[in-house]
2 protein chains.
Amino acid sequence: MKITRKTVAKSAVLEIFGKSKTALSHTEIQSQMNNVCDRVTIYRILDRLVNDDIIHKIVNLDGTVKYAKCNHAHRVHIHNHAHFSCENCHEITCLENVKPSYIIPHNYKVNDINFTLSGLCPNCLNSNN
Amino acid sequence: MKITRKTVAKSAVLEIFGKSKTALSHTEIQSQMNNVCDRVTIYRILDRLVNDDIIHKIVNLDGTVKYAKCNHAHRVHIHNHAHFSCENCHEITCLENVKPSYIIPHNYKVNDINFTLSGLCPNCLNSNN
DNA sequence: TTTGTAACGCAACTATGTTGCGTTACTATT
DNA sequence: AATAGTAACGCAACATAGTTGCGTTACAAA
């Protein structure tokens with residue numbers, strides 16, 4: 001495992017994640033960066049942060065890719081929690097405590113699971129649109 | 001709901017789905033089509049078939065999009081079954097009978113769920129690589 | 001046979017992500 | 001504080017997936 005350096009661009013990305021309660025796409029991050037760095041650099045920073053288990057990657061039902069901070073409150077760090085994708089505001093939030101239970105045929109070996117729910121988030125449900 | 005016509009290209013796509021046990025990407029379909037039609041046409045056919053509930057769209061963990069026939073054996077037609085994505089052969093199969101159970105905070109309204117498992121499929125598990 | 005329009009081909013465009021390469025700037029070591 | 005190895009960077013170019021506009025074709029109902 002290589003050493004990852006602290007750079008201006010990386011710190012900027014981390015600060016943006018720190019402020020955000022929801023998952024962010026590359027484009028959303030870029031627009032909050034005020035041209036601190038090139039868009040390629042953002043891709044590379046995101047890759048590194050995923051590798052270092054600082055953020056995790058989420059692929060939405062519509063194929064859009066977002067990233068969210070990892071919650072390290074638990075001793076054992078897993079990403080197998082559920083994600084909620086709002087059809088109205090398109091925000092994606094981690095539902096850290098929602099974990100599905102399921103039964104799978106024995107001849108499959110499961111390494112990773114992805115569980116995404118879509119519908120209306122509390123915000124959009126209240127403003128009933 | 002508009003009428004959808006029967007065309008040469010659409011029939012060709014349906015035949016390919018008929019033969020395939022696993023989900024297919026746009027590219028995979030195109031390569032099996034022997035230039036029957038333009039690639040844009042394939043996109044439009046896939047859109048129509050999804051709309052007509054003949055196939056359903058699956059977004060994999062890695063962001064790749066595939067399509068699979070719908071199973072209409074059940075009276076009530078739902079797509080909320082699980083999908084299995086093999087990390088070795090990259091095939092995606094529908095696990096029609098695997099349905100997750102879960103508890104979600106009451107302030108969310110769930111309209112759709114996506115449950116994808118990844119790991120090794122029976123084929124690749126046997127040939128142990 | 002006629003006719004309305006769904007479906008098509010083609011070209012052009014957009015969005016998203018990747019790669020190669022020369023340069024910059026972190027950080028461990030002297 | 002100076003040195004040096006290399007992670008990280010900018011830039012250009014490329015790759016892939018999907019979309020849009022528009023004039024033309026061909027399906028199916030009348």
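These values consider heavy atoms only, across backbone and side chains, with no hydrogens, waters or symmetry-generated copies. Letters A, B, ... mirror the listed sequences (proteins, then strands); counts begin at 1.
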**Request:** Give the nucleotide from the list C:dT18, C:dC26, D:dG10 with an atom nearest to the side chain of A:Cys37.
**Result:** D:dG10

**Prompt:** Any idea which of C:dG9, C:dT16, D:dT19 is nearest the A:Tyr43 side chain?
**Reply:** C:dT16

**Request:** Please state how far atom NZ in A:Lys6 lies from atom P in C:dA28, giving the value in whole angstrom units.
**Result:** 12 Å

**Fill in**
Rounded to the nearest 0.5 angstrom, the CD1-CG distance for A:Ile16 and A:Leu24 is 7.5 Å

**Request:** Let me know, please, whether B:Arg44 or B:Thr64 comes out on the 5' side of the other along DNA chain D by nearest nucleotide.
**Result:** B:Thr64

**Request:** Please check the phosphate of C:dT5 (OP1 and OP2 only) for any side-chain N or O of B:Arg5 closer than 4.0 Å.
**Result:** no

**Message:** Rounded to whole Å, please give me the gap between NZ in B:Lys10 and P in D:dA26.
**Reply:** 17 Å

**Prompt:** Tell me: CD of B:Glu28 to P of D:dT16, nearest whole Å?
**Reply:** 15 Å

**Prompt:** Does the side chain of B:Thr41 come within less than 4.5 Å of B:Ile45's, by heavy atoms?
**Reply:** yes

**Message:** Please classify the nucleic acid contact of A:Val65 as base, sugar-phosphate, or nothing, using heavy-atom distances under 4.0 Å.
**Reply:** sugar-phosphate

**Request:** Using a cut-off of strictly less than 4.0 Å, decide whether A:Arg48 has a side-chain nitrogen or oxygen near OP1 or OP2 of D:dA8.
**Result:** yes

**Message:** Could you tell me how far apart B:Asp38 (CG) and D:dA17 (C1') are, to the nearest whole angstrom?
**Reply:** 14 Å

**A:Asp47 CG - C:dT18 P separation (whole Å)** = 6 Å

**Asked** Taking OP1 and OP2 of D:dA17, is either one under 4.0 Å from a side-chain nitrogen or oxygen of B:Thr27?
**Response** yes

**Prompt:** Is the side chain of A:Thr64 donor-acceptor paired with the backbone N or O of A:Asn60 at a distance under 3.5 Å, no angle test?
**Reply:** no

**Co-membership, hydrophobic cluster, residues A:Phe84 and A:Ile92, 4.5 Å side-chain** = no

**Asked** Between atom NE2 in A:His26 and atom P in C:dT18, what is the gap in whole Å?
**Response** 10 Å

**Message:** Could you tell me how far apart A:Asp62 (CG) and C:dA15 (P) are, to the nearest whole angstrom?
**Reply:** 15 Å

**Item:** Matching residue for B:His56 among B:Lys69, B:His83, B:Lys66 - test: side-chain hydrogen bond (donor to acceptor under 3.5 Å, both in side chains)
**Value:** B:His83

**Request:** For A:Gln30 and C:dG17, give me the distance from atom CD to atom P, rounded to whole Å.
**Result:** 11 Å

**Message:** Using OP1 and OP2 only, check whether a side-chain N or O of B:Thr7 sits under 4.0 Å from C:dC8.
**Reply:** yes

**Complete:** The answer to which of B:Arg39 and A:Lys57 contacts DNA chain C further toward the 5' end, by nearest nucleotide, is B:Arg39

